[in-house]
Amino acid sequence: MYTVYRRRRRRLNKGRFFTFLLLLALIVAAVVYLIRGGLPWNRDGLVADASPTASDTANQGGDSTPTPEPTPWPTPEPMPEESTDPAVLDVSWQTPAVFDGPNAFPESASLAFGGRIKYWVFQNNKPVENYQPGYEISFGSPDQYTTLEGITAFRGNHYRNSASWGTRDVKEKKLEIVWTHDLGAISAEGSYWPGTGWTGQPLIVHWPERERRLMNIKPEFKDKDLVEVIYPALDGNIYFLDLETGKPTRDKIEVGFPMKGTGMVDPRGYPILYTGMGLNENNGKFTEFKYNIFSLIDQKPLYAIFGRDPMAFREWGAFDASALVDGETDTFLEVGENGLIYKVKLNTRYDPEAGTIDIAPQLTKFRYQDMNNPEQGIENSPAFYKNYMYFCDNGGTFMCLDINTLKPVWIYDVGDDTDTTTVIEETPEGVFLYTANEIDKRSQNNKSPTAPCNIRKFNALTGELIWQRDYECYYQFYINGGSLGTPIVGKNDIADLIIFPICFTGSTSDGMLVALDKKTGEEVWTRKLSAYSWSSPVDFLSSDGKTYAVFCDFNGDLHLFDPRTGKDLDVISLGRNIESSPAVYNDMIVVGSYTPKIYGVRIK
């Protein structure tokens with residue numbers, strides 16, 4: 001640089017030389033001011049966070065940039081004090097939401113859609129004005145959701161479109177019960193809860209050798225290439241079984257209270273299990289509603305989110321939905337029947353060499369009130385496309401929520417309670433959603449014995465209704481009609497179909513299975529069922545490229561059927577009502593029933 005300057009100086013006269021020096025000094029001064037945070041006459045326009053990004057730091061080069069001090073590990077947000085008072089804990093799912101309680105915070109509400117939606121964001125149980133996320137979530141393709149082989153969440157991934165994994169050679173087109181495992185039962189809420197319930201899908205995980213040897217698996221399975229079934233049940237226990245034999249791979253976790261929904265194994269392959277409680281009573285004994293997080297190294301609790309939440313408008317605190325974890329950002333995402341959405345930075349520390357794992361959760365809560373809908377509570381499992389989260393509540397408010405900004409993107413009134421989980425389909429023509437409601441609030445409010453189950457397809461990005469198909473169904477209190485099973489989104493040789501189970505189409509005991517054309521919503525085939533199905537049907541691909549499917553019904557039957565035609569290929573009895581949804585790993589189906597048992601069934 002110095003040599004170049006000397007050569008130029010010979011061609012400059014004295015006046016130009018001093019002008020050049022002045023300009024150079026001004027340029028240097030401006031650069032220094034910018035590096036230090038801005039020009040002195042523009043201080044009011046500073047960005048709040050001017051910290052260099054990782055890429056900026058890397059581009060500076062050399063070792064001159066000091067290594068930052070390690071960030072102190074955060075302290076877990078303290079769990080609320082646990083009550084043992086039955087007067088506090090004995091709550092009813094029928095108690096309506098209260099919108100003017102001590103934590104209503106009307107002055108802190110934000111508005112959307114012309115004031116129809118009021119919403120709040122809470123951190124440390126205090127409303128946050130102008131919430132700004134510290135990082136961004138963006139889910140990728142569904143086949144990238146988990147690093148594990150198997151089914152780690154309800155319907156497998158964030159598109160909620162698959163509960164089968166692996167390969168199988170379907171030749172005989174028959175089903176064979178290979179093993180069973182006995183379960184218990186619990187009395188609660190004036191009813192009897194045996195076996196496994198809705199949605200009750202098992203998790204099936206092929207553990208890597210490192211994690212298998214690290215965890216407290218029984219010695220006889222330490223050297224086995226283990227595929228483990230993990231099944232939270234209505235009897236208050238979480239069971240761990242060998243997929244091949246049905247034998248216990250380790251002791252059950254005794255939660256002590258019913259779990260109706262589907263659990264979740266950490267998709268990063270970390271030995272962590274997540275599962276919510278569906279009821280907080282066991283034969284007259286009450287406890288707090290909890291979403292429990294367990295270490296699978298030693299099966300001990302790591303943390304619990306309490307459903308009795310002071311920020312909730314609704315006091316019923318069950319967790320039936322299956323949560324998800326975004327592995328890239330270490331974020332847990334769940335919805336509750338209390339009406340809240342939980343976005344939790346886990347701050348996970350996993351050291352497989354030391355055999356330790358812990359978390360330090362920091363909770364952010366999203367709360368909303370639909371001014372046209374007094375109902376609160378979410379029972380379906382949230383689905384995600386990139387940073388968009390999709391769910392529907394007990395009153396029919398179908399919402400797309402930006403999980404980063406925690407601002408509603410669009411809403412649609414589907415007209416009634418919706419427990420069916422939304423499924424996502426990404427195509428060259430766009431991204432679409434499929435959902436269906438049940439027969440509940442409309443019949444209660446209108447005193448009508450029937451109402452239409454509405455099956456709908458939406459544009460996922462805009463909320464535009466693409467098509468709608470209606471089926472008249474009967475109302476029954478508590479055991480609802482309409483659609484409660486999550487549909488099959490056709491792939492491969494049935495890529496044109498969407499298949500829904502519908503309940504109570506002719507009476508309060510029967511139903512239908514319907515296959516609709518995805519593009520038009522027109523019927524391709526319909527099948528009458530003598531026994532209704534709350535269970536979610538599952539499709540799987542044979543080695544010859546043909547798709548098969550299974551569904552379960554109220555009569556206790558497991559059906560192997562052709563999804564191209566709807567016709568049964570084989571039927572076996574699993575004893576009693578099957579509300580739970582099956583999962584398929586290679587040629588094995590696992591599902592629980594009211595028998596009460598868990599069944600391992602081979603596809604032959």
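These values consider heavy atoms only, across backbone and side chains, with no hydrogens, waters or symmetry-generated copies.
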### Message
Is it the case that atom CD in E328 sees more than 12 heavy atoms from other parts of the structure closer than 6.0 Å?
### Response
no

### Summary
Exactly one of V538, V591, V601, D539 clears side chain to side chain contact (heavy atoms under 4.5 Å, CB included) with V584, and that residue is V538

### Task
Determine, using ring centers only, whether Y478 and W93 are less than 6.0 Å apart.
yes

### Query
W316 and Q376: side chain to side chain contact (heavy atoms under 4.5 Å, CB included), yes or no, with the steps?
CA-CA 10 Å; W316 181 254; Q376 290 268 294; over 6 Å; no

### Task
Carefully, step by step, assess D169 and D587 under the rule side chain to side chain contact (heavy atoms under 4.5 Å, CB included).
CA-CA 8 Å; D169 189 9; D587 64 348; over 6 Å; no

### Query
If every non-hydrogen atom of P563 is compared with every non-hydrogen atom of L497, which pair is closest and at what distance?
O-CD1, 3.4 Å

### Message
Would you compute the distance between atom OG1 of T418 and atom CD of E379 and round it to the nearest 0.5 angstrom?
### Response
10.5 Å

### Task
Please confirm whether the backbone N or O of V205 pairs with a side-chain atom of W165, one donor and one acceptor, at under 3.5 Å?
no

### Residue among Y434, F398, F432, Y390 satisfying ring pair (Phe, Tyr, Trp, His ring centres under 6.0 Å) with F458
F398

### Message
Given Y532, which partner from the list N555, I479, L484 fulfils the side chain to side chain contact (heavy atoms under 4.5 Å, CB included) test?
### Response
I479

### Query
Between S593 (side chain) and L574 (backbone), is there a donor-acceptor pair under 3.5 Å?
yes

### Task
Report yes if the side chains of F154 and T486 come closer than 4.5 Å at any heavy-atom pair, otherwise no.
yes

### Message
So that I can tick it off, tell me whether R564 and D496 are bridged by a salt bridge, with the cut-off set at under 4.0 angstrom between side-chain N and carboxylate O.
### Response
yes

### Query
With a 4.5 Å limit on heavy-atom distance, are the side chains of S535 and P501 in contact?
no

### Query
Does Y135 have K343 sitting over its ring (NZ/CZ under 6.0 Å from centre, angle to axis within 45°)?
yes

### Message
Apply side chain to side chain contact (heavy atoms under 4.5 Å, CB included) to residues L406 and Y119 and explain how you reach the verdict.
### Response
CA-CA 9 Å; L406 293 181; Y119 67 94; over 6 Å; no

### Message
Given 3.5 Å as the limit, does a donor-acceptor pair link the side chain of K518 with the main chain of A495, or not?
### Response
yes

## Note on the structure
Rounded to the nearest 0.5 angstrom, the CG-CD1 distance for L333 and I403 is 5.0 Å

### Query
Under 4.0 Å between a Lys/Arg side-chain N and an Asp/Glu carboxylate O for D562 and K567?
no

### Message
Given 3.5 Å as the limit, does a donor-acceptor pair link the side chain of S108 with the main chain of P127, or not?
### Response
no

### Task
To the nearest 0.5 angstrom, please state how far the CZ atom of R155 sits from the OG atom of S536.
5.0 Å

### Message
Between N347 (side chain only) and Q362 (backbone N and O only), is there a donor and an acceptor less than 3.5 Å apart?
### Response
no

### Message
So, taking the atom named CE in M389 and the one named CG in D402, what distance separates them when rounded to the nearest 0.5 Å?
### Response
11.5 Å

### Query
Does the T427 side chain pair with the main chain of G430, one donor and one acceptor, at a distance under 3.5 Å?
yes

### Task
Quickly, which of Y131, F366, F313, F99 forms a ring pair (Phe, Tyr, Trp, His ring centres under 6.0 Å) with W120? Name it, please.
F313

### Query
Can you check whether I293 reaches I272 side chain to side chain, under 4.5 Å on heavy atoms?
yes

### Query
Within the side chain of Y385, is there an N or O that forms a donor-acceptor pair under 3.5 Å with the backbone of I424?
no

### Message
Using modelled atom types and a 3.5 Å cut-off, is there a donor and acceptor pairing between side-chain atoms of R160 and backbone atoms of P382?
### Response
yes

### Query
How about S530 and D510: do any of their side-chain heavy atoms sit closer than 4.5 Å?
no

### Polar side-chain atom of K290 near backbone of T275 as donor-acceptor pair, under 3.5 Å
no

#### Entry: With N338 via side-chain hydrogen bond (donor to acceptor under 3.5 Å, both in side chains) - residues at least two apart
Y342

### Task
Report yes if some heavy atom in the side chain of T152 is under 4.5 Å from a heavy atom in the side chain of L203; otherwise report no.
no

### Message
Within this structure, what is the CD-NZ distance for the pair E136 and K386, rounded to the nearest 0.5 Å?
### Response
12.5 Å

### Task
Rounded to the nearest 0.5 Å, what's the gap from CH2 on W410 to CG on N459? Could you check?
8.5 Å

### Query
Should F139 and Y145 count as side-chain neighbours, where that means a heavy-atom distance under 4.5 Å?
yes

### Task
Step by step, work out the salt bridge (Lys or Arg N to Asp or Glu O under 4.0 Å) result for D544 and K546.
CA-CA 6 Å; D544 62 3; K546 178 172 175 54; over 6 Å; no

### Task
Start with the C-alpha distance between W198 and D419, add both sets of side-chain angles, then the distance that settles side chain to side chain contact (heavy atoms under 4.5 Å, CB included), and finish with yes or no.
CA-CA 10 Å; W198 182 95; D419 290 348; 3.6 Å; yes

### Query
Would a 4.5 Å heavy-atom cut-off, applied to side chains only, mark L175 and I589 as touching?
yes

### Message
Could you check whether any side-chain N or O of R442 sits under 3.5 Å from a backbone N or O of S448, counting only pairs where one atom can act as donor and the other as acceptor?
### Response
no

### Query
Do I455 and I502 have side-chain heavy atoms sitting under 4.5 Å apart?
yes

### Task
Determine which pairs satisfy salt bridge (charged side-chain N to carboxylate O under 4.0 Å, His left out) with at least one residue from residues 466-475, sequence neighbours left out, and list them in order.
R469-E522, R469-E523

